[in-house]
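First the structure, in the form of structure tokens, and then the observations on it.
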Amino acid sequence: MVPKKDLDWGSLGFGYLKTDKRFISNYKNGAWDEGVLSDDANVVINECAGVLQYSQSCFEGLKAYTTEDGKIVCFRPDMNAERMKNSCERLEMPVFPVDRWVQAVVDTVRADEAWVPPYGSGATLYIRPYMFGSNPVIGVKPADEYQFRILTTPVGPYFKGGAKPIVIRISDFDRAAPRGTGHVKAGLNYAMSLHAIMDAHRNGFNENLYLDPATRTKIEETGGANVIFVTPDNTLVVPKSPSILPSITRRSIVYIAKEILGMKVDEREVYFDEVKKGEFAECGLCGTAAVISPVGKIYDHGTEYDIPSGMEKMGPTLQKLYDTLTGIQMGRLEAPKGWICVIDE
Ligand SMILES: *Cc1c(COP(=O)(O)O)cnc(C)c1O
């Protein structure tokens, strides 16, 4: 095992820290080159690059963990590779082949292995693969040349305070149009959410809860995490919509609920009225960064709707799902086949 860097792992926030190596591959004349692991953290591109003019970019996010028995692993990277393929196709960008994609993640994490936080520190190594149009584009069209990069950075919890329930509010802004790009991980989905998130923070809320733009009656998701609910009779209720980003964490939680915990799972349209009527016992946000973050209150234009599990701690069912998911990721529990990609024994 590679010795760890000398960092105060426990006090890391969710921020960028430059690590040793990053993967870089360029697409030119219709083909991806071999790719390299580089020391250079800076990107140099033309002033008229497609990404700078028309935001042609997409990204992924996953984590590497040190397991209880000292292995370095990452969680379902093939799912991220597939999702980035879908993002690229929607954005007229060239696909980086799925098998090479997973191998590049493995190679990058191996090169930055000293930066994978130790088991039990509460921190993980965040892996950020991303792609952008790199050659000059001035008429509106896709770029001809692209760069695919993978950077890593050690991170602590996404929400300050870790497992403390958060307060979210119904947003007056929309996240994704009904037939837009909500289902792909495009940078542009985030650019237009920045004003909404800053406004939420200025008003004392942790996040925005977006409703469907067409009817403003159904729950979609927050800016960067899917939403899940638990009913008093212990059914997991998962909002379904073609404009929700297909979270890998959420799909893993659905599998865990059904196949490991034997719960009933209901994936369907969820109306905000159901929250108002108090039909849910627990609510949480889920994603690679958020893991499962409990929601204690949802604020809607002057009215606060309390989630019965309260503001003190995560409810019992979300806690069970959290313990099972993180148990699998950290090697304490046996993983379903294909979920754990071992990077170093
Ligand atoms: C990345 C992302 C998520 C979480 O997806 P995971 O695969 O679980 O990390 C949820 N919502 C949005 C909008 C996202 O961009």
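Only this structure's heavy atoms are used, side chains among them; waters, hydrogens and symmetry mates stay out. Ligands are counted one by one from 1 in listed order, and the atoms in each one are counted from 1 as well.
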Lys/Arg-Asp/Glu bridge criterion (N-O < 4.0 Å) met for E312, K164: yes
Numbered atoms and elements of ligand 1 in range of A225, under 4.0 angstrom, heavy atoms: 10 (C), 11 (N)
N-O pairing of K240 and E269 below 4.0 Å: no
Sub-4.0 Å heavy-atom contact, R175 with ligand 1: yes
For R83, the ligand 1 atoms whose distance to one of its heavy atoms is below 4.0 Å: 5 (O), 6 (P), 7 (O)
Atom 9 (O) of ligand 1 - nearest protein heavy atom and its distance: T288 OG1, 2.6 Å
Nitrogen or oxygen atoms of N80 and ligand 1 under 3.5 Å apart: no
ring-ring contact (aromatic ring centres under 6.0 Å, His included) partner of Y27, the single match among W32, F132, F96, F148: W32
Atom 15 (O) of ligand 1 [closest protein heavy-atom partner, distance rounded to 0.1 Å]: Y190 OH, 2.4 Å
Heavy-atom nearest neighbour in the protein, as seen from atom 11 (N) of ligand 1, with distance rounded to 0.1 Å: E221 OE1, 2.6 Å
F59/Y130 aromatic ring centres below 6.0 Å: no
Any donor-acceptor N or O pair under 3.5 Å, side chains S241, E220: yes
Per-atom contacts of ligand 1 with N226, taking only distances under 4.0 Å to non-hydrogen atoms: 10 (C), 11 (N)
Region of L245 that comes within reach of ligand 1 [heavy atoms, distance under 4.0 Å]: side chain
Nearest atoms (heavy-atom pairs only) where E145 meets N135: N-OD1, 2.9 Å
Within-cut-off N or O pair, A289 and ligand 1, under 3.5 Å: no
Identity and separation of the nearest protein heavy atom to atom 3 (C) of ligand 1: G224 O, 3.5 Å
Sidechain N-carboxylate O distance under 4.0 Å for K185, E60: no
Pair E304 + K297, salt bridge at N-O below 4.0 Å: yes
Basic-acidic side-chain contact under 4.0 Å: D174, R216: yes
Atom 1 (C) of ligand 1: nearest protein contact (heavy atom, Å): K185 NZ, 1.3 Å
For G223, the ligand 1 atoms whose distance to one of its heavy atoms is below 4.0 Å: 13 (C)
